[in-house]
Structure formats: structure tokens, C-alpha cells
Amino acid sequence: MTTYLEAIRQGLWEEMERDQNVFLLGEDIGVYGGAFKVTEGFYERFGEKRVVDTPISEAAIAGAATGAALMGLRPVAEMQFADFISCAFDQIVNFAAKCRYRWGAPVPMVVRAPSGGGVHGGPFHSQNPEMWFVRTPGLKVVAPATAYDAKGLIKAAIRDNDPVLFFEHKALYRRVKEELPGGDYTVPIGKARVAREGRDLSIITYGAMVWTALEAAETLAGEGASVEVLDLRTLLPLDREAVCETAKKTSKVLLLHEDTRTGGMAGELAATITESVFEYLDAPIVRVTAPDTPVPFSPPLEEAFLPNAAKVVEKARWLYRY
Amino acid sequence: MSTLPATTTDSREQAELARKCLYYMRLMREVEDRIERKLYRQGKVLGGVYVGRGQEAIPVGSILRAEADDVLFPSHRDMAAFLIRGVPPGRILAQYMGRVDGLTRGRDGNMHMGDMNLKIVAIISALAATVPVAAGAAMALRYRGSRNIAMCYFGDGSTSLGHWHEGVNLAAVQKLPVVWICNNNQYAYSTPLSAQMACENVADRGPAYGMPSEIVDGNDVLAVHEAAGRAIDHARSGAGPYLLECKTFRMTGHSAHDAAHYVPAELFEEWGKRDPIVRLESRMLDEGWIDNGELEAVRASIRREVDEAVEWADRSPYPDPATLLEGVYEEAERR
């Protein structure tokens, strides 16, 4: 069985073995092996040239990755926590994202961002900052939920010729595991996946919340409701076809994300569905998200903040009976 | 003034170099004058216009010292980078006019242009953002075992940004092959140097990062050429980055709309006397490298070259709005 963390590690390792142009840069990723040990053993195998320990300089990390990518290398930059990506914001959204459109220069870089709450990390080690980037044309944003997708998407991200932000959920690192196929495989960027087939209502979600949705679906199945779970896998470019397909199929849609509510992915999904397949809907679209607050530290507060299966079940029941 | 060896061969080489410098400095000024003083006023150039009038010696002197495959990160006042790398003035003018033959095909304007085939990286408006990117390019050059270096240009104002410090520090600690070239023109928009930093020189910041730095007269193209040689040799040798501060003065407002009332008139007058083109021309006359007739011939031929370029650019069409969505991603490239 391979954990989500090990799957990312394998993906990185295999790509570095496959392509000499792939290299890693970030804080404490070399000798120390990374804050979460994703890159443990890489320094020993690939050396300091390909596993670059940098100063604590997120802007320099993202900027240097951009520069190296412009030169044709395939850098994979690690943000120690996704929360720190704000320090690198200008480099990512203004430099890397716009090079191709402005002057035709590809920037084949990956930024890995360990994100998400439920780890008692408090306001600066728990955030889900994906939407800052989802509304930046030129970037691609992926957020895998499974070990299989984590490996397939990190490999696809490295091979992609555009800048890709890879949001890996910290709470999944060691909690999620599965048997992975032996050989080389990738998961296409921009394609959602039906994580569970159903007829009565759809939960559209991504990242760690896929597991919350599946847990809720199981409970609801006991009550006679057949729930479909769509795992977006990629947030930008969004698989609008799959989103509309599941909405058409079940006619009832619950949108779920761990990110806060206003301006979250759910808003874009709801707009997409109402614009394209409104006449198929039998009920209002509902949202289950974190509230509009910073991520609190103390366990009872964080528990109240995070969406969970019970909250999803409650909303889904209402939707089912509508 | 730089000191010159006395041998005839060296003198011939100097004369040849001086002619090249003169050509590119004059060409840059002529293109920029045409943009700022004519096309902008005619409404043919839209948006922000930032020129390097009075600062031409910096890109010309340093880039003529570089190798063709050294990677350039010119600032918005370094148009000569494009001219020296062979971009026809017509394409630069088309860029300023938002035409399809501009380097960005109308996607961006003015000096926001680049071409990786020419090893020139485009700036973004937050200019200091270029600094870490240049460090990354230098990292890639070393990664591949190339002898080439990155040459990154910025103004005094850029050195106040965090990205500047992060990029410079990363390059220093990694001993990356990059030359930092500051065109210290003493104003960042309306903010004078005294309100920009508490140290006297940008070069003073070099030792704090463990890298050598040097101050050069940025209005003396041959001196810039020579100092750039030291900086380039240092970076190319693998000894790490080098900071070259070129003292100069911005002989315009921040942009074409800015009359720069905040700049004391004496400063314009004083620095006007040190115009790098006039200085080079008198030096060339003094040394006997050129005569007045030839000087006038150079000016006339550049004027003709730019006349033709303006006509060419003006014939270039505007981009088709149907292409709006192209090129955001590889999948959406022109088909």
C-alpha cells in the first residue's frame, strides 16, 4: 500500500530519474528531507545540484523556478506550507502566469503547496489558498484526493508546459493509501473523476473533502439516497463538462470545499451549472464550506470551522427530500 | 574617462567599439524620441511610455561587452538591449503601437517584451520581480554547464523591494553567474534617492550580501563597457554575482505624461552637460576616431532608418480580437 505522501514522492523521484531537466528547490528539502519528509533521500540520490536548499525566500524560490523554467528546465518548487505562498504571489500570478500569453514564453514549472486544516496548525499552517490562483489565467491548479491521483498528477504537472500549482493536502499525507500500479502513468490535468456513482444527488468537491463526501454518501446510502461524488482533481482549467454532466444526471447538487465560503470554488461551480444546465435542476444548489474566518487553532474551534461528514449529511438530506 | 592603452591596434579597436556604441546609443535615442515626442503625441502610441534618455550608455556599454548567449533582463530604460540583439526598430515601434508585429503581438506594450530565442526576458511592471527570475536563469545556466551568465538591469527604486533582496541574496549564497546592473538615475517616479534609501550608493549593498560591487560613471559608455567587463569576467569565472552601479540621471519624467516638476531645474541642466552621446562624440572627435562629416552621416542614416521603421510599424495591423483567447496555455496556442 502506498500513502498519498509516498505517492507524491514516487512521482517526483520517477520524473527526476526520467528527465535530467527536473530539479527541486525549496526550504529544508535537501539535507533535511523536507518539513513533511516528501523529499527524504532525494539529496542523497540526486545531489545538491538537483535538490537545492534555498534561503527562507518564497519570492526568490518562485522567481528562480520561473527563470529556470524559462531556460527550459523543469523546476519543482516547494512551499513549506501553502500558507507561505502569499510571499511568492507576485512571482506566480504576475510573472510566471503571464509569460506565455504576453510574449510566448513557456514556463514549465510546478509549485508544490502543502495545504489544508485538521492538523492543528492554526491560521498560518492550515489554509487553502487555491482560489487566489484559480482566478489567475495562465496558471493550472490541481488538488488531488487520492494517492493514485497524487502520483499521476505530480507527474503530469512536471511534464506540463505551463506553470502548475499542486495543492497537496497535509491531512491526507499518511491517512490515505492504496495499491498503485507498477509502471509509469499520469493523470490528465483538467479532467474530473466520478469517485462514486449515484442517481439522486451529486456532491462536487476536491482534495481532502472527497473523503468527507464519500463518508457522507455512505451514511446517506443507508437512508436510501444514492449519492454521486465528483472529484474535480483539477480546479483550473475546470472540467465544466463533468460538472454539468453530474448535475444533469442527478438534478440536485451539493458543492463542498474546505476553503472559506465567499469567492470559493463553489461560487464558480454554481454559476457554471445554472448557466449551462439550469433546466435540469430540481432543487437549489447548496454549499457546504468553511465559514468566512481565518482557520482557528483550538480544536473545538477548528472542528466547528471545518466541513465534516455530519454537516454534509445534514445538507444533503434536505436536498434529497426537496 | 576610462584610460586607454596607447598602442595603435588597441586604438583601432577602441575606435571601432566607440562607433558601435555611438550607433546603438543614437539609434535608441532616435527610436525613443520618435515614440515619446511624436507618436505618443499623435495618439499612435498609447499607454505608458518610459524612455532611457540620458541613460543609453548603460545598456549599450554593458551589452556590447556580453556574449550573444548571455541572458538579458533589460529594464524599461534599456531599449538598446533589443537593438543590439538584432530586433528591427520597426518591431519595437509596432510593440509600442499595439500592433501585431510587436514582440508581444499586442498582448503587452512598451518595453514589456522579450524573446527567449534572443535570450531576452520580458519585465513585468513590478520591476524588481525580475531579480529572482534572473537568479533562476543563472541557476539554469550553471545547471547545464554553460559558460554564459545572466545580466539583470534595474533602477535605484527596485532596490527597495523585497524581491530584489531575496533574489540578490539567493544568487550570492548560491554563487550564481549573474551580473546585477543598477541604472541609478536618482529618481523612482517622483521619489528622490534620499527618500529611497539611507545608504549613499546602491553599491554599498553589495558587501552586505557577500558580493563585490563597483560604481561607474553611467554616462561614459566606454567606462561602462570596461567596468561591465570586470563584472562579466567575475560572474563567468564562477566566482558568483557582481553588482555594478551605474550613476546616471533620468533626463525625463517617469513617463511621457510626467513633466517632472519635482526635479530641480539645475539637476537637468547639470546632467544635460554630461549627455552620454554628446560626450562620446566629443571624445571620438578628440581622439580622431571620427570627423564631423561622418558624425552627421551617422545621424542622418539613423534618422532614415527610423523613418522607415515608423512607416513599417504604422502599416502593421492591429491584432484580430478573435485571437483574444489564444496563448493563455499551451493547449490554446495559435492553431
Side-chain angles (χ1 to χ4, degrees), chain A residues 20-23 25 48-50 52-75 77 87-109 136-140 160-164 189-190 236-237, chain B residues 71 73 95 102-105 107-108 112-117 119-126 128-144 146 148 150 152 161-174 176 178 325-334:
Chain A
Q20 287 296 313
N21 288 327
V22 180
F23 77 102
L25 71 168
E48 64 180 354
K49 181 179 141 186
R50 298 184 69 194
V52 182
D53 274 322
T54 68
I56 305 174
S57 300
E58 284 79 10
I61 293 167
T66 304
L70 282 169
M71 297 294 293
L73 297 185
R74 293 188 176 269
C87 300
F89 201 64
D90 204 27
Q91 291 294 341
I92 296 170
V93 308
N94 279 329
F95 216 114
K98 295 174 175 50
C99 281
R100 182 188 289 280
Y101 190 74
R102 293 168 62 231
W103 54 291
V107 182
M109 68 189 261
T136 301
L139 299 177
K140 293 180 178 178
D160 201 277
N161 288 327
D162 287 305
V164 181
I189 292 173
L236 183 70
Chain B
V71 186
F73 295 76
Q95 162 82 6
L103 272 70
T104 66
R105 301 181 291 128
R107 299 305 171 93
D108 205 339
H112 285 209
M113 54 185 170
D115 182 345
M116 286 313 289
N117 295 320
K119 306 284 193 295
I120 304 182
V121 174
I123 45 168
I124 67 168
S125 286
T130 287
V131 171
V133 179
M139 202 181 267
L141 289 165
R142 186 175 64 186
Y143 191 95
R144 294 215 163 118
S146 162
N148 288 113
C152 181
L161 271 92
H163 287 209
W164 188 87
H165 293 269
E166 288 198 22
V168 163
N169 182 56
L170 177 66
V173 79
Q174 290 276 336
L176 297 174
V178 53
L325 303 182
E326 288 173 4
V328 181
Y329 299 103
E330 184 179 38
E331 294 79 1
E333 285 288 6
R334 274 184 293 183

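A, B, ... follow the sequence lines: proteins, then strands. Residue 1 opens every chain. Because the structure is predicted, anything quoted here is derived from the model rather than measured.
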Would you mind checking which part of [X] comes under 4.5 Å of any heavy atom in chain B, side chain (CB onward), backbone (N, CA, C, O), both or neither?
{"X": "D160(A)", "answer": "side chain"}
{"X": "I189(A)", "answer": "neither"}
{"X": "P137(A)", "answer": "both"}

How far apart are the closest heavy atoms of [X] and [Y], and which atoms are they?
{"X": "A128(B)", "Y": "H163(B)", "result": "O-CB, 3.8 Å"}
{"X": "P108(A)", "Y": "A69(A)", "result": "CD-O, 3.3 Å"}
{"X": "A62(A)", "Y": "M109(A)", "result": "O-CE, 3.8 Å"}
{"X": "C87(A)", "Y": "A59(A)", "result": "O-CB, 3.6 Å"}
{"X": "A68(A)", "Y": "P75(A)", "result": "CB-CG, 4.2 Å"}
{"X": "A77(A)", "Y": "I61(A)", "result": "CB-CG2, 3.6 Å"}

Give, as side chain, backbone, both or neither, the part of [X] having an atom under 4.5 angstrom from any heavy atom of chain A.
{"X": "I123(B)", "value": "backbone"}
{"X": "V168(B)", "value": "neither"}
{"X": "H112(B)", "value": "both"}
{"X": "S125(B)", "value": "neither"}
{"X": "L161(B)", "value": "neither"}
{"X": "V173(B)", "value": "side chain"}
{"X": "A129(B)", "value": "both"}
{"X": "D115(B)", "value": "backbone"}
{"X": "R142(B)", "value": "neither"}

Handout entry: Spatial distance of atom CE (M113(B)) from atom CZ (R102(A)) [nearest 0.5 Å]
Key =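 Between atom CE of M113(B) and atom CZ of R102(A) there are 11.0 Å.
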Exercise for the section: Among I120(B), L103(B), D108(B), V121(B), find the residue that satisfies the side chain to side chain contact (heavy atoms under 4.5 Å, CB included) test when tested with W103(A). Expected result: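 Going through the options one by one, the only one that passes is V121(B).
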Handout entry: Heavy-atom pairs under 4.5 Å with chain B, option from F95(A), Y101(A), F23(A) with the top count
Key =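 Answer, by heavy-atom pair count under 4.5 Å with chain B: Y101(A).
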Problem - salt bridge (Lys or Arg N to Asp or Glu O under 4.0 Å) against D162(A), all qualifying residues, sequence neighbours excluded - result: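 Once residues adjacent in sequence are excluded, the partners of D162(A) under the salt bridge (Lys or Arg N to Asp or Glu O under 4.0 Å) criterion are R100(A), K140(A).
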